[in-house]
Amino acid sequence: MMRRLWLMFAAIACLALPLGYAAAQTADETSMADTQLADPAQEAEAKALMESLRCLTCQSQSIADSDAEMAVDMRHLVRSRMQAGESPEDIRQWLIERYGDYISYAPEAGGITWPLYAIPAVLVLLALGLLVRRLRRS
Amino acid sequence: MNRWAFYIPLALFALFVGLAGYQLTQPKADEIPSRMVGKPLPAFELPPGRADGAPVTNAAFTDGQPRLLNIWATWCLPCIAEAPHLESLKEAGAPIVGIAIRDTQEDIAAFLAEHGDPYTGIAIDERSSVQLAIGSSGVPETFVIDGQGIIRHQHIGDIRERDVPLILEKLREAGE
C-alpha cells in the first residue's frame, strides 16, 4: 500500500516539476537546479552538499528539501559550480563567506564552537577520574 | 567533602536549564546579515531590466559616486510598500540601482508605471546569482555601495519612512 502511494507521488512529482520550471526558464540559460549531473559520483556529492545547506528564505529546511525559488537558485549554483569543477567544500566555504556558518548544517569546531566539543571530553575525563578514585578506595 | 560543594553540580544544572529555557522564549532572529559588508562588490554583468536599458556591471559602482543597490522584485509585496520611500531617497539625491530578482522586462515596466520609478539603472538577476554573491537572503534588501565599489551598509527588509534618514546618513558617510 505504502509502496503504491509512493509510486503515485513520484509519478505526480515527475509530471508536475517540468511544467513548473519550464515557465520559469529563460532561453539563454537553463536552470541546473533540478537536473542531475552526468557523473553519478559528482551528483552524489552535490546531493550531499545540498542536503547540508540551509534554505535562506524558508529556514530549518535544506535547499534539497525546499521548493522556495531561492532554494531552486541555490541548487542551480551548487550543480553548475560542481560541473565547472569546484569541490563541494569550496562551494560551502564560498557561501559561509557570505552568510556565515548559519547557512551550513555541517557544524565546524573552532571559533566560539570549540567548547561544545571540549566540554564533553573534559566531563568524561573527570568522571573517569572520580570512578578510578572510588574503585581504588574500595 | 564540604556539604555545600555537594550542591554545585545541581546548581550548574539549574543554571543550564534556566539559560536554555530563557533562550527558548526569545524570538528567533530571522535576519541573516551579509558578511560582505566592508568587502568589494563581486564582479558581475546582468542584463538590462528596461527594454531600452543597458546591462549593469559591478564596474558601474566604481566611478567615485556612492550609490544604493536595491535588491527587489515585481512579485514581492513589501517592495510595493517600499516604493514611496525609495522615491523620497531619490528626491534626497540618492542614486539607486535596482536588481530585480527572477523578473522580466514586461513585469518591471508594469510595476514602475504603477508604483513609480526611482532607479537610475535596473538589471535582472534571473538566477539570484548576484544576490547570492553579495550575501543577500531575501527581497527587498538595500546596500550602500561607496564610490570604490565597497559594500558599506546593508538594510534588510523593506525601507520604512523611519529608515530613510539612516540610509541617507550611511550614503553620505560612504562618500567621505
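Clustering ILVMFWY residues whenever any of their side-chain heavy atoms sit less than 4.5 angstrom apart, transitively, puts B/M36 in a cluster other than the one holding A/W94. Both B/W4 and B/F6 belong to a single network of hydrophobic side chains, linked directly or stepwise wherever heavy atoms of I, L, V, M, F, W or Y lie under 4.5 Å apart.
At most 12 non-hydrogen atoms from other residues, nucleotides or ligands lie less than 6.0 angstrom from CG of A/D101. Heavy atoms of other residues, nucleotides or ligands lying less than 6.0 angstrom from CD of B/Q26 number more than 12. Remark: B/Y7 OH is loosely packed, at most 12 non-hydrogen atoms of other residues, nucleotides or ligands lying under 6.0 Å away. Counting heavy-atom neighbours within 6.0 Å of A/W114 CH2, excluding the residue itself, gives a total of 12 or less.
Here the OG atom belonging to B/S129 is positioned 7.5 Å from the NE2 atom belonging to A/H76, to the nearest 0.5 angstrom. In this structure, CE in A/M74 is found 15.0 Å from CZ in B/R127, a value given to the nearest 0.5 Å.
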Between B/L132 and A/M70, does a side-chain contact (heavy atoms from CB on, under 4.5 Å) hold up when you go through it step by step? CA-CA 9 Å; B/L132 289 165; A/M70 193 154 190; 3.8 Å; yes
Would B/R102 and A/D73 count as a side-chain contact (heavy atoms from CB on, under 4.5 Å) here? Give the steps. CA-CA 10 Å; B/R102 293 184 292 275; A/D73 286 346; 2.6 Å; yes
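Closest approach of B/S137 and A/T57 over heavy atoms only: O-CG2, 3.5 Å.
Formation of a donor-acceptor pair under 3.5 Å by the A/Y99 side chain with backbone atoms of B/P33 is not found in this model. A donor-acceptor pair is defined here as one N or O able to donate and one able to accept, closer than 3.5 Å; such a pair exists between the side chain of A/R98 and the backbone of B/A133.
For a residue to count as touching a neighbouring chain, one of its non-hydrogen atoms must lie under 4.5 Å from one of that chain's; by this rule A/I103 does not touch chain B.
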